[in-house]
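Working notes, structure below.
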Amino acid sequence: MKKVATRFAPSPTGPLHIGGVRTALFNWLYSKSKNGSFYLRIEDTDKERSKDVYKEQIIKSLKWIGVENDGDEYIQSKKIDDHIKVANKLLKNGHAYKCYCTNEEIEEQKKRAKQKKIPYIYDRKWRDKSETEAPKDIKPTIRFKSKIDGSSVLKDLVQGDVKIDNNTIEDFIILRNDGSPTYNLSASVDDHQMDITHIIRGDDHKINTFKQMQIYLAMKWELPTFAHIPLIHTTEGKKLSKRDKASTLDDYSTIGIIPEALRNYLLRLGWSYKDKEIFTKEESIKYFNLEGIGKSPSKLDMSRILSMNEHYIKNMNENDLYNQLSKYCESYKSKIPNEKSEKIKKSLSFLKNKAKSLEDILHNSKYIIDDVINFNKEDSKLIDDNAKKIISEFSISISKIDRLERNTLEPIINDLIKSHNTNFKGIGQPLRITLTGSKFGPGIYDIITSLGKEEVQKRLAAKIV
RNA sequence: GGUCCCUUCGUCUAUCGGUUAGGACACAUGGUUUUCAUCCAUGAAAGAGGGGUUCGAUUCCCCUAGGGACCGCCA
């Protein structure tokens, strides 16, 4: 048995979208589950649209979610000479031919086909013509001499056997009239040269596969195994594209989705293993298989992403969580001030229980980070004279104790409840508003202990005046 | 229009001919709770339709309907 090798082959014409990330994840998981290799191939042969920034962004995105390629990135444009060599070989073998049709001629045919509502397919005009008839002033394209009779079967590991009549596959161009190779040629040659054994990709490539298989056959190369996975759809049920909202990886990292959660979500989108929902990275490698991939497209569900994120945040140790949070703040918000980092880190134990995202954590820890509190106007109104009295009494009481801890604070609060003939809310709410600026937030004991005595007294004093 | 693919709760899915059709998210209700949450409990919620095959179909086959992908000298 050959060593399993998979690849992810994006073109750097835009930021990676979530469907691409899932394809990469599946390829990576499959190879790792088989102890094989996973390669990243940048298909940058479209010189017009390929951008280096996108290439870097793709690499960064994959790294972010934990999909790491073996070896260096394979840059397709560096292999163009190899692609051309194969085209020439196919030409020599009689598996390809020169086509002298002009662009205008082809366009005209397409237009006519559309008018007649019949499917356009290149009419194979130059398939059997001799070189002597060739016009001198036209640079030809090279077309692959595709099978006309019979049918072909794609043995797909996800889709099953897909049968198609050979005459529906046209004589596709493999070399443009400027001599550059096209996608189907380049991809086939690269996959062969990289010894790719399993090609896992979106099912929008299914028709291409029939073209690529013919190139393999003509070159007498060993065919790889194919697995075409259903595409991810938007909530409207259409193919996800880069232009859709919330479709790129960055859209998720911006709102504080952590990579482990997105990885787990994407894994379970269109794939399942019994009733299991949560998979560590190791488990996902252990259990991943192609049989578990469903055949129907699935829709993105934000509430599920969020709930997965919540789960990972709650179950992450506080050091790791702090690192994630701090990276997140630095990239998308503003850096957590050094002098606040310890306080935040300590508060994570309760902050993480109230958060669905890193953004939520940051929001709930605003009262620690900001020295000047932004009071919510409505909430501020709740601080009436009576409330001020409570705050003032509380302030005096805590000045008598050294350390603010739950067990030293509890008696003070209880006394206040009694003396003011109220309930916990009657004491807790004014304190929370005074200390954080809002009536929502962490538990009052958590707020007080996380701020520390000095800061608490400062904030209480500011409100009493 | 042609070719191909798909169809179980709102969503992601389990079921590989025999189940009260299971789980998760979301939702609803109740409880715990100092707010918001968390947490716990409970509930509502599905086999697109029609034919076959079979003792028995969600499961196998066919048709219909609906949805999707592809149909570039883009990848």
Side-chain angles (χ1 to χ4, degrees), chain A residues 9-13 43-46 48-50 76 99 101-103 106-107 110 113-114 116-121 139-143 154 156 158-160 162-165 167-170 172-184 186-187 202-208 210 228 230-231 233 235 237-239 265 268-278 291-292 294-308 310-311 314 350 352-356 360 364 379 413 417 423-429 431-433 436 438-445 447:
Chain A
S11 59
T13 54
E43 305 211 324
D44 59 343
T45 50
D46 184 339
E48 294 280 302
R49 297 193 300 149
S50 294
Q76 188 165 62
C99 166
C101 288
T102 60
N103 233 325
I106 300 289
E107 287 304 320
K110 281 185 189 173
K114 210 170 180 181
K116 285 192 197 161
K117 291 203 167 176
I118 52 167
Y120 163 77
I121 184 166
K139 274 190 187 169
T141 58
I142 309 295
R143 284 181 185 270
L154 159 63
D156 194 286
V158 170
Q159 311 262 336
V162 182
K163 195 175 156 190
I164 200 173
D165 283 343
N167 62 23
T168 57
I169 304 294
E170 68 167 353
F172 54 96
I173 291 172
I174 54 176
L175 236 47
R176 301 183 184 93
N177 63 6
D178 67 358
S180 64
T182 60
Y183 167 72
N184 281 302
S186 295
D203 68 12
D204 50 343
H205 279 292
K206 233 186 305 178
I207 294 297
N208 286 328
F210 287 95
H228 288 92
L231 301 173
H233 282 180
T235 35
K238 301 268 186 252
K239 174 185 177 180
Y265 171 77
R268 278 289 285 99
L269 188 66
W271 178 84
S272 64
Y273 179 80
K274 299 181 180 168
D275 272 346
K276 198 169 162 58
E277 299 284 351
I278 304 297
E291 295 79 55
K295 293 176 81 174
S296 54
S298 34
K299 290 173 189 163
L300 240 26
D301 180 4
M302 195 57 198
S303 69
R304 216 170 142 76
I305 296 176
L306 245 20
S307 111
M308 190 64 83
E310 186 180 11
H311 177 271
K314 282 202 172 67
F350 61 85
K352 71 178 182 183
N353 288 322
K354 309 176 80 72
K356 275 184 161 33
D360 287 348
N364 276 325
D379 294 346
I413 303 250
I417 292 173
N423 55 16
F424 197 104
K425 194 179 174 187
I427 308 300
Q429 195 175 67
L431 284 177
R432 176 179 291 107
I433 293 171
T436 70
S438 162
K439 64 177 173 183
F440 305 129
I444 195 69
Y445 293 116
I447 293 172

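Note that the structure is predicted; figures quoted are calculated from it, not measured. Chain identifiers are assigned alphabetically (A, B, ...) following the order of the sequence lines, protein sequences preceding nucleic acid strands; residue numbering begins at 1 within each chain.
In this structure, A:Asp203 and A:Leu231 have side chains that are in contact, with non-hydrogen atoms separated by less than 4.5 Å. Contact of the A:Tyr120 side chain with the A:Ile106 side chain is registered, since non-hydrogen atoms from C-beta on lie closer than 4.5 Å.
Protein atom CH2 of A:Trp271 is 14 Å distant from nucleotide atom C1' of B:rA24, rounded to whole Å. When the C1' atom of B:rA26 is taken as reference, atom CG of A:Leu269 falls 16 Å away, rounded to whole Å. Distance, A:Leu231 CG to B:rA69 C1': 6 Å, rounded to whole Å. One atom, CE of A:Met302, and another, P of B:rC12, lie 16 Å apart when rounded to the nearest Å. Separating the CG atom of A:Asp275 from the P atom of B:rU8 is a distance of 17 Å, rounded to the nearest angstrom. Between the C1' atom of B:rA26 and the CD atom of A:Glu277 lies a distance of 13 Å, rounded to the nearest Å. Rounded to a whole Å, the NZ atom of A:Lys425 is 15 Å from the P atom of B:rU33. Computed from coordinates, the A:Met308 CE to B:rC25 C1' distance equals 9 Å when rounded to whole Å.
Each of B:rC6, B:rA69, B:rA26 was ranked by its minimum atom distance to the side chain of A:Ser307; first place goes to B:rA26. Comparing B:rC73, B:rA75, B:rC6 against the side chain of A:Glu43 picks out B:rA75 as the nearest. For A:Asp301, taking side-chain heavy atoms from C-beta onward, the closest of the listed nucleotides B:rA75, B:rU11, B:rG23 is B:rU11.
Pairing of B:rC25, defined by two Watson-Crick or G-U wobble distances under 3.5 Å, is identified with B:rG10. Across every strand in view, B:rC39 sits in a pair with B:rG31 that passes the Watson-Crick or G-U test at under 3.5 angstrom. Checking B:rA48 for Watson-Crick or G-U wobble geometry (two distances, each under 3.5 Å) identifies B:rU64 as its partner. Using N1 to N3 plus N6-O4 or O6-N4 for Watson-Crick, or N1-O2 and O6-N3 for G-U wobble, each under 3.5 Å, B:rU15 pairs with nothing.
Residue A:Lys299 places none of its side-chain N or O atoms closer than 4.0 Å to OP1 or OP2 of B:rG67. Applying the 4.0 Å criterion to OP1 and OP2 of B:rA24, one finds that A:Lys274 has every side-chain N and O outside that range. For A:Thr182, no side-chain nitrogen or oxygen approaches OP1 or OP2 of B:rC73 to under 4.0 Å. Between A:Ser298 and B:rU13 there is a side-chain polar atom (N or O) within less than 4.0 angstrom of OP1 or OP2.
When heavy atoms are screened at a 4.0 angstrom cut-off, A:Gly270 is found touching the sugar-phosphate backbone but no base atom. Backbone-only contact: A:Thr45 has heavy atoms under 4.0 Å from sugar-phosphate atoms and none from a base. Residue A:Cys99 is out of contact with every strand shown, counting any heavy-atom pair closer than 4.0 Å. If you check every strand for non-hydrogen atoms under 4.0 Å, A:Asp46 touches sugar and phosphate atoms only. Within the 4.0 angstrom heavy-atom criterion, base atoms lie near A:Asn208. At the heavy-atom level, A:His205 lies under 4.0 Å from base atoms of the strands shown. Residue A:Phe172 is classed as having no contact, given no heavy-atom separation below 4.0 Å to the nucleic acid.
Counting all heavy atoms, side chain and backbone alike, A:Phe210 lies closest to A:Leu154 at CZ-CB, 3.6 Å. In plain terms, the two heavy atoms of A:Leu300 and A:Thr235 that are nearest each other are O-CG2, 3.8 Å. Residue A:Gly294 comes nearest to A:Pro230 through the heavy atom pair O-CG, 3.2 Å, listed as atom of the first residue, atom of the second, then distance. For the residue pair A:Asp301 and A:Tyr265, the shortest heavy atom distance occurs at N-OH, 2.9 Å. The heavy-atom pair separating A:Ser50 from A:Thr45 by the smallest distance is OG-N, 4.4 Å.
B:rC62 and B:rC6 have their P atoms separated by 11 Å, given to the nearest Å. Comparing the same atom, P, in B:rC71 and in B:rU64 gives a spacing of 26 Å after rounding to whole Å. Nucleotides B:rA57 and B:rG47 are separated by 11 Å at their C1' atoms, to the nearest Å. On the P atoms, B:rG10 is 13 Å away from B:rG49, given to the nearest whole Å. Distance noted for atom P between B:rA28 and B:rA37: 11 Å (whole Å). Spacing of P atoms, B:rU53 relative to B:rA21, comes out at 25 Å, to the nearest Å. Between B:rG43 and B:rG22, the two P atoms lie 12 Å apart (nearest whole Å). For the C1' atom pair drawn from B:rU32 and B:rG67, the interatomic distance equals 46 Å after rounding to whole Å.
Residues A:Gln76 and A:Ser272 both approach RNA chain B. Their nearest nucleotides, taken by heavy-atom distance, put A:Ser272 toward the 5′ side. The residue among A:Ser303 and A:Gly294 whose nearest nucleotide of RNA chain B lies closer to the 5′ end is A:Gly294.
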Would you tabulate the pairs of protein nitrogen or oxygen atoms and nucleotide nitrogen or oxygen atoms of nucleotides 1-4 of chain B closer than 3.5 angstrom?
{"from": "B:rG1", "atom 1": "O2'", "to": "A:Lys117", "atom 2": "O", "distance (Å)": "3.0"}
{"from": "B:rC4", "atom 1": "O2'", "to": "A:Lys206", "atom 2": "NZ", "distance (Å)": "3.3"}

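The side-chain contact (heavy atoms from CB on, under 4.5 Å) test with A:Leu175 singles out one residue from A:Thr182, A:Thr141, A:Ile142, and that residue is A:Ile142.
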Can you check each nucleotide of nucleotides 36-43 of chain B against protein heavy atoms at under 4.0 Å and return B for base, S for sugar-phosphate only, - for none, in 5' to 3' order? BBS-----
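With respect to A:Glu310 and A:Arg304, no salt bridge is recorded, no charged nitrogen being found less than 4.0 Å from a carboxylate O. One finds a salt bridge joining A:Lys239 and A:Asp204 here, because a Lys/Arg side-chain nitrogen approaches an Asp/Glu carboxylate oxygen to under 4.0 Å.
For A:Gln159 and A:Lys295, the side-chain atoms include no donor-acceptor pair closer than 3.5 Å.
One can find a donor-acceptor pair under 3.5 Å joining the base of B:rU34 and the side-chain atoms of A:Arg432. The base of B:rA24 is paired with the side chain of A:Arg304 by a donor and an acceptor separated by under 3.5 Å.
At distances below 3.5 Å, at least one donor-acceptor pair connects side-chain atoms of A:Arg432 with backbone N or O atoms of A:Pro442.
Among residues two or more places apart in sequence or in another chain, the ring pair (Phe, Tyr, Trp, His ring centres under 6.0 Å) test is passed with A:His205 by A:Tyr183.
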